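Beneath this line is the structure, given in structure tokens, with notes to follow.
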Number of protein chains: 2
Amino acid sequence: MSENSLNKQTNKIQKRLQMQDIAKLAGVSTSTVSRALNGSSLVNEETRLRVTALAQSLNYSIDIGAQNLRLKNNKTVAVVIPFDSANPQHVSDPFFLTMLGHIADELSMLGHYMLVSRISADNLTAVLEPYESGRAIGIIVIGQWRYHEQLNAMVANKPIAVWGAKMPNQHYVSIGSDNLRGGYLATEHLIKQGRKRIAFFGNKDLPEVAQRYAGYLMAHQKYDLVADQQLSIPAPFSADTVSADIESLINQSISFDGLFACSDLIAMRAIGTLQKLKISVPEKVAVVGYDDIVLAAYFHPSITTIKQSIEVGAQSLVKALFNIINHEKISSEQLDVSLVVRESSIN
Amino acid sequence: MSENSLNKQTNKIQKRLQMQDIAKLAGVSTSTVSRALNGSSLVNEETRLRVTALAQSLNYSIDIGAQNLRLKNNKTVAVVIPFDSANPQHVSDPFFLTMLGHIADELSMLGHYMLVSRISADNLTAVLEPYESGRAIGIIVIGQWRYHEQLNAMVANKPIAVWGAKMPNQHYVSIGSDNLRGGYLATEHLIKQGRKRIAFFGNKDLPEVAQRYAGYLMAHQKYDLVADQQLSIPAPFSADTVSADIESLINQSISFDGLFACSDLIAMRAIGTLQKLKISVPEKVAVVGYDDIVLAAYFHPSITTIKQSIEVGAQSLVKALFNIINHEKISSEQLDVSLVVRESSIN
DNA sequence: AAAATTTATGCAATCGTTTGTAATAAATAT
DNA sequence: ATATTTATTACAAACGATTGCATAAATTTT
């Protein structure tokens, strides 16, 4: 212990082993070591085995900085999560986190690392920083993006894939579900159950939510119903205000018999609040959620939700990004993740 | 569009700007550019402004690979999530994900990046790879670690911080909650409600769970109860088997009036199953969960759980790691995250 | 057996920064 | 007016890998 701390003070930190050292010990040149370690056919089999065994036994591992400097391929993809500087909330949204998990799965399956960074929305240029600095070979952006214009101006022809709504005239590849259709499906599901006054809980400032709302209106039109403006509540995905919003509706005697929640969190919170107010679900008010996060399945009673497969979304994002990186195809088309109305359950 | 694809085929990718280019344009040497960009006092104020402005306007950013090769400081911490090669499940456990989110918050607050990698448990040496290769300056390991011995042999004096139970004779720094106490608190809570036959749902192969079970036994002893072996069910955190387990207990007529679940997922699943079987909660069977994941708060009826603050845990992990890195203190003490029995709710 | 080919290895340049040291110009002291 | 100090800047050597090219040894061909 004391020897240790002495070490720390007097000597430099124990020098990292490098190729030169391995080379010296193996009695070959560094070129040979490099080739051996990378399985080049230019090195004798016997030598290769000897060198790799030596390297292994000495616990040597290639310096990634140096390698990257030469090769410009660092096997790393950055996932950027923007946040509002106004309320720099934590990364706690289960949708984000689940997406993050699936992206991690997908990337590690492809032998890549995932670099996570959070950036403030008012420092948008930072989105590309991990790529520009050579930290990552590409960028995945998750999060409802409020600043489409700025993003659009910045990222043309860069290796970037965005989760979110398709916007008019967009210069980047985005993957997302068809929010218009999702909104339509959810609303139709409620209408088919005979609901006539359907509350919409979601913040229409977000493009994705706006599109869902359009679907909501479309369903109303299709079934000859009119949507009451008063029933549109700008609730954030995190559902913080939902209890108060519902109570407020009831206090104002604004009646409703259906509720379309733009996230499962909102749905869960709404159901909880309604039950607390002794309004039976689904008898008095039917609720449909959105996302189908894993936890929704554990909720009791089970909730009906618009399933957008986060796993498929993650896979598509990764695939799209690699396509761009490999120049296989550059398109600004949106890939759609299929949507299903379903009762959330564990399978 | 066609011009674009042509470009892709004929030209190399547009060469990255480098210091040399900036230097040439600014009419100075690269050293000066480097110093200007890093705010060195060895460069004239006027020059500095001119150079930084130029770099900014050209959207130049320092190549991280080259910089890292020189400086050995890449501002990156790796978070390693081990998984069982037997069942390579997805990163979907909400506890993991929440932890991941908080670590990301904490690191980004400190101006660092988070690198996520999943490794197979039978390739343990890979834990240190991100550090050994110079990809990251330190490692955080999350996850119930089944292979304490191997880990222990490998990581002495390396910059690594582990989330988990404290093990005898450990050579690494670990952060975790006092599982013994947690198990005790949960059980005591049930006993104080008059419960006498308390089922334990958790896989004792995991050190953390084993410690909780010890706490469970301790509480029994304290209150002069005997724990029935038959009531100890090896349920995984993910709760997949919980429904079947409960039904099996009931079919075998093994009665119980309390249930201590080692994760909130288990608790939620158990409550759902019991309700489905018309066994009222908490009247007939009282349930206590563990973790206090965010979503538990949305569950209805609200569930009682042992709160271990994941946020505090994440902060402690990061802090401990930086302490090691900065040689501020190397200790193999465990830092405890405080525990509270509480009804999960949104605040 | 000599020439041509194949196989295995080493040399040295390179990737894009940072930084110790030397060089120059400007400012101050003698 | 000269010597000394101070402020800027440039030069060139690292950092640790990869790889085109040259070379030497082993093999095959003629």
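Note on naming: letters A, B, ... go to the chains in the order of the sequence lines (proteins, then strands), and numbering restarts at 1 for each one. As the structure is a computational prediction, the values presented were derived from the model and not from experiment.
- No contact: A:Asn68 has no heavy atom under 4.0 Å from any strand.
- When all heavy atoms of B:Ile22 and B:Leu54 are compared, the closest pair comes out as O-CD2, 3.7 Å.
- The distance between atom CG of B:Asn73 and atom P of C:dT18, rounded to the nearest whole Å, is 12 Å.
- Listed candidates were C:dT17, D:dT8, C:dG16. Nearest to the side chain of B:Leu69 is C:dG16.
- Look at A:Thr32 and you'll find a side-chain N or O under 4.0 angstrom from OP1 or OP2 of C:dG10.
- Whole-Å rounding puts the B:Gln20 CD to C:dC15 P distance at 9 Å.
- Atom CG of B:Asn74 and atom P of D:dC15 are 18 Å apart (whole Å).
- Of all nucleotides listed (C:dT17, D:dT19, D:dG16), D:dG16 comes nearest to the side chain of A:Asp63.
- Considering only heavy atoms from C-beta on, B:Asn152 comes within 4.5 Å of B:Tyr172 through its side chain.
- Atoms CZ (A:Arg35) and C1' (C:dA12) sit 12 Å apart, rounded to a whole Å.
- Nearest-nucleotide assignment on DNA chain D puts the 5′-proximal partner with A:Leu17, out of A:Leu17 and A:Leu42.
- Remark on DNA chain C: of its neighbouring residues B:Ser34 and A:Ala66, the 5'-side contact belongs to A:Ala66, judged by nearest-heavy-atom nucleotide.
- Between B:Asn44 atom CG and C:dA25 atom P the separation is 16 Å, expressed in whole Å.
- Contact between the side-chain N/O atoms of A:Gln67 and the OP1/OP2 oxygens of D:dT18 is found at a separation under 4.0 Å.
- When heavy atoms are screened at a 4.0 angstrom cut-off, B:Thr47 is found touching the sugar-phosphate backbone but no base atom.
- Closest approach to the A:Lys72 side chain among D:dC15, C:dG16, C:dT9 is made by C:dG16 (side chain taken as heavy atoms from C-beta onward).
- Contact check on B:Glu132 versus B:Lys158 returns a salt bridge, with a Lys/Arg side-chain nitrogen under 4.0 Å from an Asp/Glu carboxylate oxygen.
- Contact check, B:Tyr60 against C:dG16: no side-chain N or O comes under 4.0 Å of OP1 or OP2.
- Using a 4.0 Å heavy-atom cutoff across all strands shown, A:Ile64 reaches no nucleic acid atom at all.
- The aromatic rings of A:Trp163 and A:Phe95 sit tilted, their planes meeting at an angle between 30° and 60°.
- Smallest separation of non-hydrogen atoms from A:Tyr60 and A:Leu17: CE1-O, 3.4 Å.
- Under 3.5 Å, the side chain of A:Arg70 and the base of C:dG16 form no donor-acceptor pair of N or O atoms.
- Counting only N and O atoms by type, the side chains of A:Thr76 and B:Arg135 include a donor and acceptor under 3.5 Å apart.
- The distance from atom CG of B:Asp21 to atom C1' of C:dC15 is 14 Å, rounded to the nearest whole Å.
- Counting to the nearest Å, the P atom of D:dA26 and the CD atom of A:Glu46 are 14 Å from each other.
- Side-chain to base pairing of A:Ser31 with C:dC11: one donor and one acceptor N or O lie within less than 3.5 Å of each other.
- To the nearest angstrom, P of C:dT7 lies 16 Å from CZ of A:Arg48.
- Across all strands shown, A:Ile62 has heavy atoms under 4.0 Å from sugar-phosphate atoms exclusively, and none from any base.
- Among the nucleotides C:dG16, D:dG16, D:dA10, the one closest to any side-chain atom of B:Gln18 is C:dG16.
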